[in-house]
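Below is one structure, written out as structure tokens, with a few remarks after it.
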Amino acid sequence: MEQTTSYPKDKINILFLENISDKAVKYFQQMGYTSVRKLGGALSEAELMKEIKDVHLLGIRSKTQITEKVLAAATKLQAIGCFCIGVNQVDLKAATRNGVAVFNAPYSNTRSVAELVIGLSIMLIRRIPDKNKAAHEGIWMKDAKGSFELRGKTLGIIGYGNIGTQVSVLAEALGMKVIFYDTTTKLPLGNAVAGKTLKEVLGLADIITLHVPETNQTKNMINKTTLKYFKKGSILLNYARGEVVDLDALRKCLVEGQLSGAAIDVYPWEPEKNGDRFQTPLQDLPNVILTPHIGGSTEEAQENIGEDVSVKLYQYLEMGTSFGSHTIPSLSLPPQEGTHRILHIHKNVPGVLSAINTELSKHKINILAQYLKTNEDIGYVVLDVDKKLSNQAQKLLREVKDTIKVRLLY
Ligand code: NAI
């Protein structure tokens with residue numbers, strides 16, 4: 001296969017923020033990119049607007065906010081790699097309008113979260129946090145009262161997506177019954193059963209674990225009212241998003257004994273950096289495990305994320321493959337053979353494709369392969385053309401009305 005590139009590799013500026021795994025840095029260095037910069041923390045909007053001017057590829061994690069202003073300053077930016085699960089930190093509408101591809105790693109830390117949820121469920125149902133605390137304080141608390149096995153208990157999974165389904169499989173392997181609630185119809189794995197309503201699942205489960213995204217519907221999904229549906233003495237785990245649970249209401253239920261334990265990893269407000277003060281209404285409660293948003297933070301996950309996002313960025317940069325992008329319509333492309341490839345991103349309005357074809361045929365530029373995909377806002381056309389005519393074709397395509405971005409791979 002011929003090696004292609006979009007631009008001299010030493011002129012492609014790559015900036016990685018937020019201490020992204022060295023695996024990503026090494027990957028691009030091995031691919032021949034020499035201008036790869038890695039910074040430890042996140043940058044503010046103003047700092048980023050300054051830094052981003054000459055950047056072609058940007059790597060971030062969840063703390064860096066990519067606003068409309070940042071994108072407007074990023075005139076050379078082709079793609080953003082979110083080296084994490086979510087993409088909420090990026091203004092996706094603005095990135096789409098600017099023709100900037102946004103990739104993430106939706107599955108890389110799925111297993112890390114799922115394993116921890118199972119581990120925490122065992123800890124909580126055995127009341128290990130209390131016994132551990134007592135032992136550290138020199139108190140002997142040998143007692144079976146209130147300690148149970150997972151086997152035979154019912155796990156309620158709210159959100160049966162990537163993580164929810166993995167938890168489902170692991171829980172059944174431990175002999176648990178699984179019931180789940182999802183707003184989309186999902187194929188139940190193993191012997192899991194789909195509940196009809198949130199209320200039904202909350203009322204049947206001994207342990208409830210949340211694996212929903214943050215949306216208007218999931219905001220405060222677990223609140224004063226829904227907490228009343230929980231089985232008396234049940235346990236709640238939130239390793240999804242902080243806004244999903246009303247923590248004051250949860251505290252009340254824990255204090256009153258409606259719930260017997262909880263494990264929380266995500267909060268409506270989280271500190272910016274390590275060492276910052278952190279406060280939540282759940283501090284100092286018995287049988288409550290609090291973790292600092294580390295559900296997906298394992299060395300394996302970081303490595304997987306580093307590799308997954310790097311490969312997507314590279315394939316987009318060097319082949320035009322946009323599969324997995326949240327902004328550019330998804331195209332999986334074969335490698336071009338003996339041709340040059342032009343990537344054309346345009347507003348999704350009628351007539352652009354015909355304008356492209358008319359311009360090229362007017363100048364006798366034969367299109368050897370053409371791929372098109374559109375979404376609501378933009379269209380993405382990939383054209384493989386004769387090597388000798390590709391520069392001319394690129395110039396012509398820049399002039400087509402409603403063009404957002406044109407790139408040439410040679
Ligand atoms: P996913 O998108 O694969 O699954 C989410 C599921 O929730 C989907 O099946 C969806 O249909 C369902 N859903 C959406 N709205 C719902 C509603 N109102 N009621 C019931 N179900 C609803 O997402 P994935 O990868 O499983 O992640 C789940 C959550 O975990 C996300 O919020 C993600 O941000 C969070 N997460 C947290 C981590 C941590 O470090 N604590 C690490 C990784 C993910």
Side-chain angles (χ1 to χ4, degrees), residues 18 60-63 82-90 92 103-121 155-171 178-189 192-202 205 208-223 225-226 229 236-247 262-271 274 278 280 289-305 308-309 324 326:
E18 301 186 60
I60 58 169
R61 291 174 69 191
S62 51
K63 293 273 182 271
C82 300
F83 286 77
C84 51
I85 294 282
V87 288
N88 301 1
Q89 68 280 43
V90 181
L92 292 177
F103 296 101
N104 64 333
Y107 315 116
S108 299
N109 62 8
T110 299
R111 189 66 183 207
S112 311
V113 180
E115 271 191 16
L116 190 55
V117 162
I118 296 296
L120 291 162
S121 299
L155 178 67
I157 302 175
I158 312 301
Y160 205 63
N162 297 317
I163 298 174
T165 48
Q166 286 284 317
V167 173
S168 175
V169 170
L170 295 176
V178 174
I179 177 164
F180 66 86
Y181 173 68
D182 200 296
T183 39
T184 309
T185 307
K186 295 283 168 123
L187 174 73
L189 300 183
V193 176
K196 285 194 180 50
T197 61
L198 177 65
K199 188 175 176 182
E200 180 196 355
V201 175
L202 296 182
I208 289 288
T209 184
L210 307 175
H211 300 292
V212 289
E214 184 184 313
T215 64
N216 287 339
Q217 286 77 46
T218 61
K219 193 171 169 58
N220 273 340
M221 179 187 223
I222 303 302
N223 56 37
T225 309
T226 50
Y229 306 145
L236 172 71
L237 294 94
N238 183 15
Y239 274 65
R241 288 282 156 168
E243 298 285 352
V244 179
V245 181
D246 174 345
L247 294 183
I264 306 290
D265 188 46
V266 286
Y267 309 85
W269 176 85
E270 293 177 10
N274 281 348
F278 158 68
T280 161
I289 298 174
L290 302 176
T291 48
H293 202 151
I294 43 82
S297 305
T298 59
E299 303 234 354
E300 288 92 338
Q302 288 312 310
E303 286 214 357
N304 292 343
I305 288 172
D308 184 8
V309 180
H326 291 264

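One-based numbering, in listed order, for ligands and for the atoms of each.
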For [atom], which of the options [options] provides the nearest non-hydrogen atom?
{"atom": "atom 17 (C) of ligand 1", "options": "T298, T291, T183, T110", "answer": "T183"}
{"atom": "atom 28 (C) of ligand 1", "options": "H293, H211, Q166, R241", "answer": "H211"}
{"atom": "atom 27 (O) of ligand 1", "options": "V244, V201, I163", "answer": "I163"}

State, with a plain yes or no, whether a side-chain heavy atom of [X] is found less than 4.5 Å away from one of [Y].
{"X": "T280", "Y": "I264", "result": "no"}
{"X": "T291", "Y": "Y239", "result": "yes"}
{"X": "S121", "Y": "T209", "result": "no"}
{"X": "H211", "Y": "V167", "result": "yes"}
{"X": "F180", "Y": "T165", "result": "no"}
{"X": "N104", "Y": "H326", "result": "yes"}
{"X": "I158", "Y": "M221", "result": "yes"}
{"X": "I222", "Y": "N238", "result": "no"}

For [X], is at least one N or O under 3.5 Å away from an N or O on ligand 1?
{"X": "D265", "result": "yes"}
{"X": "E214", "result": "no"}
{"X": "G296", "result": "yes"}

Protein heavy-atom partner closest to [atom] - residue, atom, separation in Å:
{"atom": "atom 4 (O) of ligand 1", "answer": "G161 CA, 3.2 Å"}
{"atom": "atom 10 (C) of ligand 1", "answer": "D182 OD1, 3.4 Å"}
{"atom": "atom 31 (C) of ligand 1", "answer": "V212 O, 3.5 Å"}
{"atom": "atom 37 (C) of ligand 1", "answer": "Y239 O, 3.1 Å"}
{"atom": "atom 2 (O) of ligand 1", "answer": "N162 ND2, 4.8 Å"}
{"atom": "atom 35 (C) of ligand 1", "answer": "A240 O, 3.5 Å"}

Heavy atom of V113 under 4.0 Å from ligand 1?
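In this structure, V113 qualifies as a contact of ligand 1 - some heavy atom is under 4.0 Å.
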For ligand 1, is P213 a contact, meaning one of its heavy atoms is under 4.0 Å away?
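The answer is yes, since P213 has a heavy atom less than 4.0 Å from ligand 1.
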Could you tell me, atom by atom, which parts of ligand 1 come under 4.0 Å of a heavy atom of [X]?
{"X": "I85", "result": "43 (C)"}
{"X": "M221", "result": "17 (C), 18 (N), 19 (N)"}
{"X": "T184", "result": "11 (O)"}
{"X": "K186", "result": "8 (C), 9 (O)"}

Mind listing the side-chain donor-acceptor pairs of residues 109-118 below 3.5 Å, one per line with the distance, residues two or more places apart or on another chain?
unit_1	atom_1	unit_2	atom_2	d
T110	OG1	Y107	O	3.0
R111	NH1	Q166	OE1	2.9
S112	OG	T298	OG1	2.8

Which heavy-atom pair separates [X] from [Y] by the least distance, and what is that distance?
{"X": "C82", "Y": "V90", "answer": "SG-CG2, 3.8 Å"}
{"X": "W269", "Y": "F278", "answer": "CZ3-CA, 4.2 Å"}
{"X": "L247", "Y": "P268", "answer": "CD1-CD, 3.7 Å"}
{"X": "G159", "Y": "V212", "answer": "CA-CG1, 3.7 Å"}

Ligand 1 contact on [X] by region, counting heavy-atom pairs under 4.0 Å:
{"X": "T218", "value": "side chain"}
{"X": "Y107", "value": "neither"}
{"X": "L198", "value": "neither"}

Atom 25 (O) of ligand 1 protein-contacted, heavy-atom criterion under 4.0 angstrom:
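Yes, at least one protein heavy atom sits under 4.0 Å from atom 25 (O) of ligand 1.
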